[in-house]
Amino acid sequence: MNTADECEVSVFAKDCSSRQVLLDITGRWGILVLAALHQREFRFNLLRRRIEGISEKMLSHTLQTLRRDGLVTRQVEDTVPPRVIYGLSPLGHTVAAKAMELVALLECRVDQFEQAWNAYDE
């Protein structure tokens, strides 16, 4: 596996494809979708309930974007009505694990962020 120092591409280059994937992941909903799917697979409506505040339209768009990036899988079961399950691809599991490190860090330091906001606003 390559590390950042071994890669021949750079997210800082304006035409680098990795920059688009970074934007897809770190956009308003991408990291939350990856974090939820890191916990388990979900059907669409259960995933929407898991991620409070996301609209049906935004969840659909985010899932399509992350599928295009090769991070999310969509499995349709041949039932009536069809049952659609979203999960992570192998690459998605790798990316989501790193995203979860950031999520855990942010959750554990929320008190420090609140202190910083209060100090800034004074």
Side-chain angles (χ1 to χ4, degrees):
M1 180 179 293
N2 290 342
T3 63
D5 294 334
E6 297 172 345
C7 291
E8 295 182 20
V9 299
S10 172
V11 74
F12 295 103
K14 70 177 180 177
D15 295 328
C16 184
S17 298
S18 66
R19 182 184 288 193
Q20 184 57 54
V21 177
L22 179 67
L23 294 174
D24 293 343
I25 293 168
T26 60
R28 182 164 185 187
W29 301 109
I31 199 164
L32 292 174
V33 169
L34 289 175
L37 292 175
H38 186 260
Q39 295 171 339
R40 67 183 198 106
E41 294 179 331
F42 280 95
R43 292 178 67 184
F44 185 88
N45 285 326
L46 288 174
L47 183 58
R48 190 164 64 93
R49 284 195 288 274
R50 176 70 178 111
I51 304 171
E52 295 179 11
I54 192 169
S55 70
E56 188 172 314
K57 180 180 177 180
M58 283 310 303
L59 178 56
S60 179
H61 175 73
T62 302
L63 286 167
Q64 288 175 357
T65 299
L66 295 175
R67 281 183 61 217
R68 182 177 183 268
D69 291 337
L71 302 173
V72 169
T73 61
R74 181 179 184 266
Q75 178 183 352
V76 181
E77 294 179 1
D78 191 22
T79 59
V80 178
R83 182 179 164 118
V84 180
I85 299 173
Y86 293 92
L88 294 175
S89 69
L91 178 59
H93 278 286
T94 302
V95 172
K98 295 294 184 184
M100 288 305 298
E101 291 178 25
L102 177 59
V103 167
L105 173 70
L106 297 175
E107 288 175 336
C108 291
R109 302 291 173 98
V110 71
D111 59 329
Q112 293 176 25
F113 297 123
E114 291 171 350
Q115 289 173 2
W117 297 333
N118 291 333
Y120 182 86
D121 291 340
E122 288 179 357

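Note that the structure is a prediction, hence the values are computed from the model and not measured.
In this structure, the separation between CG on Asp69 and CD on Gln64 is 12.0 Å, given to the nearest 0.5 Å. The structure places CG of Asp15 at 11.5 Å from OG of Ser10, a figure rounded to the nearest 0.5 Å. Here the straight-line distance linking atom CD1 of Ile85 with atom CZ of Arg74 works out to 11.0 Å at 0.5 Å rounding. Rounding to the nearest 0.5 Å places CZ of Arg43 at 11.0 Å from OH of Tyr86. Rounded to the nearest 0.5 Å, atoms CD1 (Ile31) and CE (Met100) are 9.0 Å apart.
Crowding of Asp78 atom CG: a count of heavy atoms from other residues, nucleotides or ligands under 6.0 Å not exceeding 12. Few gaps surround CD on Glu77; more than 12 heavy atoms of other groups in view lie less than 6.0 Å from it. Counted within 6.0 Å of NE2 on His93, heavy atoms from surrounding residues, nucleotides or ligands total more than 12; the atom is thus considered enclosed. Sparse packing is recorded around CZ of Arg50, with 12 or fewer heavy atoms of other residues, nucleotides or ligands lying under 6.0 Å away. Residue Tyr120 places its OH atom among 12 or fewer non-hydrogen atoms of other residues, nucleotides or ligands, all under 6.0 Å distant.
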message: side chain to side chain contact (heavy atoms under 4.5 Å, CB included), that's the test. Do Phe42 and Leu37 meet it? Break it down for me.
response: CA-CA 7 Å; Phe42 280 95; Leu37 292 175; 3.9 Å; yes
- request: Give the intermediate values and the outcome of side chain to side chain contact (heavy atoms under 4.5 Å, CB included) for residues Gln75 and Thr73.
  value: CA-CA 6 Å; Gln75 178 183 352; Thr73 61; 5.9 Å; no
message: Please evaluate residues Arg40 and Leu46 with respect to the criterion side chain to side chain contact (heavy atoms under 4.5 Å, CB included), reporting the C-alpha separation (whole Å), side-chain torsions for both, the decisive distance (0.1 Å), and the verdict.
response: CA-CA 11 Å; Arg40 67 183 198 106; Leu46 288 174; 4.0 Å; yes
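No side-chain donor-acceptor contact under 3.5 Å links Ser60 to the backbone of Glu56. Judged purely by atom type and a 3.5 angstrom limit, Arg19 uses its side chain to pair as donor or acceptor with the backbone of Val11.
Checking Asp24 against Gln20 by side-chain atom types alone, a donor-acceptor pair falls below 3.5 Å.
Residues Leu23 and Leu66 do not share a hydrophobic cluster, defined by chaining ILVMFWY side chains whose heavy atoms lie under 4.5 Å apart. Both Val76 and Phe44 are part of a single hydrophobic cluster, where members link through side-chain heavy atoms under 4.5 Å apart. By the rule that hydrophobic residues join a cluster once side-chain heavy atoms approach within less than 4.5 Å of another member, Leu102 and Val110 end up as members of separate clusters. In this structure, Leu22 is not a member of the same hydrophobic cluster as Val95, with clusters built from ILVMFWY side-chain heavy atoms closer than 4.5 Å. The same ILVMFWY cluster, assembled from side-chain heavy atoms under 4.5 Å apart, contains both Leu71 and Met58.
A heavy-atom distance below 4.5 Å is not found between the side chains of Thr62 and Leu32.
Nearest heavy atoms, Ile54 versus Arg48: O-CG, 3.7 Å.
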